[in-house]
Amino acid sequence: MRKVLILGVASLTAGCGGEGGQRTASNDPFCQAVLPAVEAFMAESRARNPTPDDPRYGGTLVIGSIGELADGMNAAISTDYSTTQHQQFVNLMTLIDYDPEGNARPYLAESWDVAPDGTEITFHLRRDVFWHDGEQTDAYDVAFTYETVTDPLTAYPNAAFWDNYVKGPNGVAVVDDFTVVIRLEPHAEFLDPFRSAAILPEHLLGDVPRDQLRVHPYGTQCPVGNGPFVFAEHRPQDRWLFEANPAFPDALGGRPFVDRYVYRIIPEQTTLLTELLTENIDVYISPGPDQAQTIIDNPNLELRSYPFRNYILVGWNSRRPQLADARVRRAITMGTNRAEIVEAILRGYGTVAHTGVPAFHFAHSPEALPRLRYDPERARALLDEAGWRDRDGDGVRESADGTRLSFSIKYNTGNQQRQDIAEIMQSQLAAIGVEAQPQVVEWATLLQQINTPELRDFDGVIIGWVAEFKVDDTDLFHSERIDQPYAWSGTQNPEIDRLLDAISITVDRSEATNLWLEYQRVLIEEQPYTYFYFPDRLDGVNRRVVDVVMDARGEWVNIKDWYLDPSSR
Amino acid sequence: MSSDVGSLVVEHHQGTSRGGRLLSAILPGLPQLLAGRWGVGSAALLTWVGLLWIVVARPSRVASALGGAWDEQLAVGTLVVGLSTAWLWSWRDVAAAHEVKRVGVSVWELAVRAFSKNRTAVAGLLVIVGLYVIALLTPLVAPYDPAFQGDLLRERYVSASAAHPLGTDQFARDVLSRLLYGARISLLIGFVAVSISVTIGTLLGAIAGFLGGIVDGVIMRFVDMVISFPRLVLLITIIALFEPSIFLITAVLGLTLWPGTARIVRGEVLSLREREFVQAATALGFSKTRIILRHLIPNALGPVIVAATLGIGNTIVLEAGLSFLGLGVQPPTPSWGTMVADGRNVLLNAWWLSTFPGLAIVFTVLSFNLVGDGLRDALDPRLRS
Amino acid sequence: MTKYLARRLLGAIPLVIGIATIVFFAVNLAPGDPTLRFLAPGMNQEVIEQMRANFGLDQPMHIRYVKWLGAMLTGDFGYSFSHSRPVLAVLRDFVPNTLVLSAVALVVAFVLGVLLGTIQAVRQYSKVDSGLSVVLLFFYSMPSFWLALMLILTLSLFARNVWELPIWFPASGMVSTDYEFLSFGAQLRDRFMHLVLPTLSLALVLTAGIARYMRGSMLEVIRQDYIRTAHAKGLSERVVVFKHALRNALIPIITLVGLYIPVLFSGTVFIEYVFAWPGMGRTIYEAILTRDYPLVMAGSFFFAAMVVVANLIADVLYAIVDPRIRYE
Amino acid sequence: MSAESAPALLSVRDLRTWFFTDQGVAKAVDGVSFDVRAGETLGIVGESGCGKTVTSLSVLGLLPQPPARVMEGSSVRLRGEELIGSGERRMRALRGNEISMIFQEPMSSLNPVYKIGGQIAESLRLHRGMDRKAARAEAVRLLAEVGLSEPERRVDEYPHQLSGGMRQRVMIAMALSCEPSLLIADEPTTALDVTVQAQILELLAELRGKFGMAVLLITHDLGVVAEVCDRVVVMYAGQIVETGTVYDIFGEPAHPYTRGLLDSLPSVEDPGKRLDSIPGTVPNPIDWPTGCRFRARCPLATEGCELPQDLVELGEEGRTARCWRAPSLVATGAAT
């Protein structure tokens, strides 16, 4: 399982490279050794596989986004969403990938077998995949990658992926050059990590001390991948340039249609929108809902909107006396008109969330749940019942011992939507006698305040999660994890513990679906979060880009199949 | 220390005294206007009519404000003071119509005369005074509560209409009301931050200049250090690292602005120190504190006032810049900076959101700068022709 | 002269170290932690500790300070957490871009400011004078990010899409995506076009300030006796103003170079952000947000050092313009 | 005025230069007429604030307009050519060429940022069309001419490297560079110390002989006038109060003001004599007194002085005084 905290504020930095020119060598010795090999292999491959005579081939595709590809193509150290997308679909390859329905299908691994007892997976690799410097991608690369990401020294940020796997050299065995075995304890959706973790080149990184991987030039200065696009240049905070890989296996579609793909970093959204409207960029990753109409109104552009994997929530700190009672938390949720907020803030591009199970998940069926709808009357009644009444006539309820039903809602600086939520909640909750005070905190500080187990310096916090395909709330609500960073709510509910444990080991989907439904019912009753909404993912795309597929898997999922309308080039 | 440098005949030109008085009693400023004195006449008349309009149009609001929060009471106070000032000034002005006075002309009076000749500067001053008056009156004037959210589904992003003269924002809040309340925050931040910096800068500058030696060296090295570092980077570092509150922002803005003032004051004091009256005070055995506070600082004040006026403008712009980086005054408190920054993403489909506060900033800061320039010219005899 | 400059340079060292020290403690004492950015559910305390150790953050602050100071004095600024490379390499990437932007802006602002200020002074109290004053102050009074956005909307978006003008300027970046395929001439043009909007946004604010000082300085100079002498020689107004008055009036303006460099660098934070210009201003801002301590410190060091250098340049310019000044 | 023997080089008639200020109209020069003949030295004498300098600047058209304005009816002719209203271009051709000027403050009259050689060469190149090299050689020659030692080295020095007297020599060299027919010297020695004063005056006299130019010398110092002038014009409150040869003025001053000036001179013959200075100050030009403008300060003022005074001719050619009692004063003055 894996989730990523989403910040949603301006770009989060990182990366490096040189100035100008093609595949400019950084003066780092590693890069100087590696890049000529890439150059040579590419030239050779181009000669061997000339570009097919098809008008769809050619042109430069430009994608603009607010953030850097933090940590670059080094899959062992990064968590950033756009970065992992580039690792999975642009520069590197994963063992498997998902079809639009979320079913695993072969990619770098041609096929795989699972041992009957569920403790071993054997991957059979393709034999026609080459690193961009000409080395073949083989089982040793997979073994190396597995050992690296499960080694604590690497400090792989998504170490939780491998919770149920045998870590280190014991967890992986090379059978032959193209066959590799991975050992695990049986658990739900055990294939998911292999969709997410891109394979790294053992022949280049094998000798690097694992605690030095983070500062190794591979990631941002001279990545050598094996995916459909070859790294050509990286100007930090400015652009990444990739070129079509002529050696990409024909069986996987051969070289991509576009010659060059440029990822541009433009931190200011108004500038991004202008660049899209003036056709300097072809794709604008994730414009705000307020910009959507401008894109729709332009005949050359198309607004893509689709359900995605992230959701926004208000996490309640149940250690606080005001928020300790689940009835109070439910009343707060019922006193907040989330449907209206989705309409107003997201301009309808989103759906109200009741739990953290997103639309693509097999257990997603909100109509089967006892959803809490906007009902100020019932909210007031619930608060009365819980003993919170306005005893002194100041418009804010108090408990019998005089505690006011008043709390702060924190959110991070520079995030308009969260600020919007805080302000609307403040105004709507006042109507049911609850005083919520929006309080903005700088992102890094906020994380420290909510994540540090000894601190937990917040009452309510507006924050978002990006869910991976495997959803797992154990870190959030299991009482065993109460001293871990993400136990914001401080939930201690034996029923929830039992269901989370059961879910994590249930491999069968129909059985799991029932468990999930039961879990969600308890969760709604417990209401550790007020789940807000699943925003739709928006993208502005120039109509000259054809065959674009964007869905919950991400924007880049089939980038190698995109082509530019020949009349536009 | 003002010295007479000459004298001058000041004449008042007006119509008949009796008619003028009657007119003045009803519409202060009109007699002056009729006599061709456009500036003072329209200022008095506009003040009178504008303030009276509030009383007539919003009697209930005024009445309830009397027993309301402190800012509402302050607004009523402003109303009363403004009305009586306009009326009394006009009355006395008309009454004094035919008196011819001989007045002494001090350096300050000369400066005032030079300043009042500078039409753009006077216009700037009027705008500023008007802004502060409106900021004080906001609770009586603003059509809505700045935090009041209308119907989120139907009243968001509504362009200008009778109900919302400047449109509404993403929460269906009235932009005009927020603009008015924002004026209070922006002007307050500017004023307080500059007050802090002027106080610190003047004191340290005077001490450095007067005492000299090691004290001077230490203070001025520190000044060099703060001045030679990009102020914005310093501000971001401090504000980003801690929680941005109005208090922190104002304090940090004030605490990073003073070195300029300190330099100016030190320079002035260094030249004043050699002048006779200071020498005399020293010879008479006055304490250093007394000499600094009573003799040096008042005399070095001219350039400080100029720097302060320009500083208020800069501070308002800087606050807007911090808001752009998400480090300004935090919502729901409306400051102009936050309004501009928040509205910029919808510049193309709801331009009024960031344009009006943007223009408000530009014209306010412009006014401060015009006044500052005018003051500089007026106080600097070398620039007068 | 060389000796004097060397002494000034040495004298500036405590200043730069002082600034770096203040920044060091401000950054390190502030809440937040560079590893927090990588936090993900399931990450346990050991991983965090390992990461902190990898970053060298496991030591107490005063030890880190001494180490950092010692390393810095030997020219080693450490590793940037967020860029995963040596800080010096990061600076090498961004500093030139910022210098290009600020240098061009400074030159534009000075040329424009000196010219307009001179015109204002020569025509004191005329309509031209007050008109220019108000127009320049108008730009001066505008928050620079807002001016930048307005320029983008008008000279880029509307110019191309609405008014369909033949010339419009790209809204972001330093070069076009097809830069490598352009001829040399077209490359120059491309760079120029990308420079126009950012430099304009940065320069307009300074222009107003410089023009204002230039006007005052010029007013003082044209009342001088030697200007009358020049007139008495029969020189034309233009020669008198631009030869005899200008050089004298420039002397106090040179001080502004030193004073405006920090202002300029402050401006780059906004301008680089809005125009997606990969420079130091934006980098240091983001470094502060991500708690990239080594980069923040190196950036502050860079800014302080640039100011010192700018002041030295001002000193040298002084000596060039004013023959009365000799540095011993 | 009576007909003159030689045609005047410079002829000033009814010159009125007024300043329009906020406080009112300052009639700094209020109807001044005089002639400068070729080759002669005419002194204009008076206290500061009486309009001497404004008169000289008006001749060259060097006053900033506004606030100054040369009023309708004023006339300045150079060899018969009307200069008032002749246009800036024509005036520029004359300045530094036909008429040149040296100023009171040698310390501030040279541009501090240019070498003195360049500043001299500037006129040469402008008016005599010399190239850079020739102009430089000529500058060196001129510096030698005005008695500067080591002219080859001085030519590359900056004004701040020279003393006041040397700077005034440079100014003179600059003024003489185009061999003007008229040199206007505005208090050329006032700012210098006494020994240097004498040298400069000597130099001026010497060069006048050599170049054969006329000199209009403006000074408040009657001693200087006595030393170098042929004829003298005494100004008070924007008007001429007395004209005459240097012998007339010193011998039998006709106007009480001239007398006052003379009385304030230290006397060589009688070092013990008390220096009488004129009580009071020159009145405000915005508000000249009616009647005789000197009346308030005049020891001889009577009721007749309340009427406006005209210049009274005193027999000899070019000998006038603005005092109704002048004829009688000349008589008594002559007696003493």
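To find a chain, count down the sequence lines: A is the first, B the second, and so on, and within it residues start at 1.
- In terms of heavy atoms, C/Val175 sits closest to A/Arg235 at CG2-NH1, 3.4 Å.
- For chain A, the nearby parts of C/Pro170 are the backbone and the side chain; heavy atoms of each come within less than 4.5 Å.
- Contacts of C/Ser176 with chain A are made by backbone atoms alone, with heavy-atom separations under 4.5 Å and no side-chain atom involved.
- Nearest heavy atom pair, residue C/Ala276 against residue A/Ile266, reads CB-CA, 3.7 Å.
- Surrounding CZ of C/Phe192 are at most 12 heavy atoms belonging to other residues, nucleotides or ligands under 6.0 Å away.
- For A/Asp151, the salt bridge (Lys or Arg N to Asp or Glu O under 4.0 Å) test picks out A/Arg210, with sequence neighbours left out.
- Here the CG-CZ distance, from A/Asp238 to C/Arg282, works out to 7.5 Å after rounding to the nearest 0.5 Å.
- Atoms NE2 and CG, from A/His234 and C/Asp93 in turn, are 8.5 Å apart once rounded to the nearest 0.5 Å.
- Atom CD in A/Gln237 sits 10.5 Å away from atom CE in C/Met280 (nearest 0.5 Å).
- Taking a 6.0 Å sphere around CD1 of C/Ile167, one finds it holds 12 or fewer heavy atoms contributed by other residues, nucleotides or ligands.
- Among all heavy-atom pairs drawn from C/Ser156 and A/Thr274, the shortest one is OG-CG2, 3.8 Å.
- Atom CD of A/Glu68 is separated from atom NE2 of C/His83 by 7.5 Å, given to the nearest 0.5 angstrom.
- A/Leu241 CG to C/Tyr179 OH: the interatomic distance, rounded to the nearest 0.5 Å, is 14.5 Å.
- For the salt bridge (Lys or Arg N to Asp or Glu O under 4.0 Å) test, residues two or more places apart in sequence or in another chain that qualify with A/Glu268 are B/Arg344.
- Across all their heavy atoms, C/Arg85 and A/Pro236 have their closest contact at NH1-CG, 4.4 Å.
- Listed by first and then second residue, the salt bridge (Lys or Arg N to Asp or Glu O under 4.0 Å) pairs that reach into residues 141-153 of chain C come to none, sequence neighbours excluded.
- A donor-acceptor pair under 3.5 Å is formed between the side chain of A/Thr271 and the backbone N or O of C/Val274.
- Proximity to chain A among residues 145-153 of chain C is limited to C/Leu149, C/Ile152, C/Leu153, judged by heavy-atom separations below 4.5 angstrom.
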Take C/Glu180 and A/Arg260 through the test side-chain contact (heavy atoms from CB on, under 4.5 Å) and record every step on the way to the result.
-> CA-CA 12 Å; C/Glu180 294 93 78; A/Arg260 307 185 333 139; 3.1 Å; yes

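- Interface remark: A/Asn280 contributes side-chain atoms only to the contact with chain C (heavy atom separation under 4.5 Å).
- When heavy atoms are compared at a cutoff of 4.5 Å, A/Leu153 approaches chain C by way of both its backbone and its side chain.
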Audit row: A/Arg239, C/Thr177, side-chain contact (heavy atoms from CB on, under 4.5 Å) steps and yes/no | CA-CA 9 Å; A/Arg239 67 187 57 183; C/Thr177 42; 4.2 Å; yes

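- No part of C/Trp277 comes within reach of chain A, as not one of its non-hydrogen atoms sits under 4.5 angstrom from that chain.
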